[in-house]
Amino acid sequence: MPLQFGQGILAEHNAVRTAAGMFDVSHMGEVDFLGPGALDAIHVLVTGNAGTLADGRALYTVTCQPDGGIVDDCIVYRLGAEHFRIVVNAANIAKDVAHFRKHAADRCTIEDRSDDFALIAVQGPSAVDIVATLADDADLREVGSFGMRDTVVAGASVTAARTGYTGEDGFELFVLANDAPAVWQALLDAKVEPIGLGARDTLRLEARLSLYGQDIDETTNPYEAGLGWVVKLDRGPDTPPFVGHEALTAVKAAGVTRRLVGFTIDGRGIARHDAEVIDDDDAVVGRVTSGGPAPTVGGAVGLAYVPKAIAGPGKPLRLRQRNRILDATQVKGAFYKRPR
């Protein structure tokens, strides 16, 4: 995926917020779990409760190291009682597959199918209608958030999942790699704008969606990253504990020492990745993990890890970006929420 296509990052960002855009995210990884032990394998690997999923449903969750550090954030899809799929981040495919096999290979068959599939995300207020029209499948409009349905687009078999990474509605389309060009062309013919990495980052940041490798990684745990809601410590006596369960139980009991907070810049300026959070004596107390302009809401926004004692909505932050001091205010929740 290029940084941008012909129109530029701002135009691409606005296309997704106002109409529809499509992203070639075929670099993402797909790992399938097959057999009678597939659900137990998933339970061992992720912190969420996949046992609550019906066929055709998905959940966002994380997979952790024994010490509670985040190996990756991912989406688990239940394709059937003995068939689950985890979609993982592109840079983590080899690491994740090794982690999955290390901890769950004895429970079911694990297949890395990343090279078999392309993945096209169609996002924006018009996205669902466009995909449903191309598929000639009105039922697609009835698929709920984190649901999925098999359909046909441009003669290709597609699994349409109502998930995404932009803060907008839409589908992520799983399609066999050889069939992807026809689906992409059909979307182009329907006037869906192709979107690059630049707008993908501004869109996800406005929606306050974490980026693996910046906002979360193996040195962060879900509780300090604001992802405690994906950790289900009590999944019932018949469910095996996930890797990292003991460590995260201890973290929850003791509390965290730092938090990932969202902030808006007061006035002009942008705090980029790795800018410093400083106290009143100019000592470094934290780091900005993501930061940039917020085209839809205006101004500049970001995420940073700060000590728990200074974290909280409405509280000020002092940031240092290339020796320039920026004032910021912490905010709760997403910077942008799509109209309902």
Side-chain angles (χ1 to χ4, degrees), residues 1-25 73 89 91 121-127 164-170 192-217 225-226 259-278 284 286-306 311 313-339:
M1 186 192 298
L3 181 65
Q4 63 186 53
F5 287 86
Q7 295 190 75
I9 293 173
L10 179 58
E12 292 177 9
H13 179 106
N14 290 335
V16 175
R17 287 283 184 251
T18 61
M22 60 180 177
F23 307 77
D24 180 3
V25 286
D73 65 330
N89 286 295
V122 189
Q123 302 281 290
S126 303
Y165 190 55
T166 63
E168 296 294 341
D169 200 0
V192 181
E193 298 288 344
I195 311 298
L197 281 170
R200 185 166 171 81
D201 195 53
T202 56
L203 290 160
R204 72 89 190 170
L205 182 55
E206 280 192 333
R208 197 169 172 173
L209 300 173
S210 291
L211 175 63
Y212 193 87
Q214 286 189 195
D215 308 308
I216 53 176
D217 58 27
R259 293 191 184 279
L260 184 66
V261 301
F263 63 82
T264 57
I265 298 294
D266 302 336
R268 298 175 62 85
I270 296 174
R272 300 286 188 180
H273 169 68
D274 216 30
E276 299 166 328
V277 181
I278 57 176
V284 176
R287 294 277 176 179
V288 172
T289 57
S290 288
T296 306
V297 300
V301 302
L303 303 172
Y305 279 101
V306 303
K315 291 185 177 181
L317 290 178
R318 296 181 73 230
L319 310 174
R320 185 163 56 203
Q321 174 79 50
R322 295 180 179 177
N323 295 320
R324 180 186 177 190
I325 305 299
L326 299 171
D327 292 320
T329 301
Q330 297 177 55
V331 298
K332 181 179 180 179
F335 308 107
Y336 166 83
K337 294 181 181 179
R338 67 181 172 91

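Owing to the predicted nature of the structure, the values given are computational and were not obtained by experimental measurement.
- Counting heavy atoms from C-beta on, the side chains of M22 and Q123 never come closer than 4.5 Å.
- Closest approach of A294 to V301, counting heavy atoms only: CB-CG1, 3.9 Å.
- Listed by first then second residue, pairs satisfying salt bridge (charged side-chain N to carboxylate O under 4.0 Å, His left out) with a partner in residues 192-209 read R17-E206, D201-R204, R204-D215, not counting sequence neighbours.
- Heavy atoms only, all atoms of each residue included: G269 and A300 are closest at O-CB, 3.3 Å.
- Rounded to the nearest 0.5 Å, atoms CG (D73) and CG (D217) are 11.0 Å apart.
- Residues L317 and V261 meet the side-chain proximity criterion, which asks for heavy atoms closer than 4.5 Å.
- When I325, I278, I265 are each tested for a side-chain contact (heavy atoms from CB on, under 4.5 Å) with L319, only one passes: I265.
- To the nearest 0.5 Å, the span separating CG on D24 from CE on M1 amounts to 6.0 Å.
- Closest heavy-atom contact between S290 and L205: CB-CD1, 4.0 Å.
- Remark: Y165 engages no residue in a side-chain hydrogen bond (donor to acceptor under 3.5 Å, both in side chains) (not counting sequence neighbours).
- Residues V288 and R272 form no side-chain contact, since every pair of their non-hydrogen atoms from C-beta on lies 4.5 Å or further apart.
- Residue pairs satisfying the side-chain hydrogen bond (donor to acceptor under 3.5 Å, both in side chains) criterion with at least one member in residues 322-333, sequence neighbours excluded, are listed as follows: D266-T329.
- Here the closest non-hydrogen pair linking P295 and P293 is CD-O, 3.4 Å.
- Judged as a side-chain hydrogen bond (donor to acceptor under 3.5 Å, both in side chains), and not counting sequence neighbours, the contacts of R318 are D282.
- Interatomic distance, CG of D169 versus CZ of R338, reported as 4.5 Å (0.5 Å rounding).
- Of the possible polar contacts, one joining the T289 side chain to the L303 backbone as a donor-acceptor pair under 3.5 Å is found.
- Contact annotation: the side chain of V331 never approaches that of F263 to less than 4.5 Å [non-hydrogen atoms, C-beta and beyond].
- What you find for L326 and A271 is that their closest heavy atoms are CD1-N, 4.0 Å.
- Legend: salt bridge (charged side-chain N to carboxylate O under 4.0 Å, His left out) pairs involving residues 1-14, not counting sequence neighbours: none detected.
- Going from atom CD1 of I9 over to atom CD of Q7 covers 12.5 Å, rounded to the nearest 0.5 Å.
- Taken from CD1 in I195 to NE2 in H13, the straight-line distance is 10.0 Å, to the nearest 0.5 Å.
- For Y336, the side-chain hydrogen bond (donor to acceptor under 3.5 Å, both in side chains) partners two or more places apart in sequence, or in a different chain, are E168.
- The two atoms that bring A207 and A334 nearest to each other are O-CB, 3.6 Å, heavy atoms only.
- L209 CG to L203 CG: the interatomic distance, rounded to the nearest 0.5 Å, is 10.0 Å.
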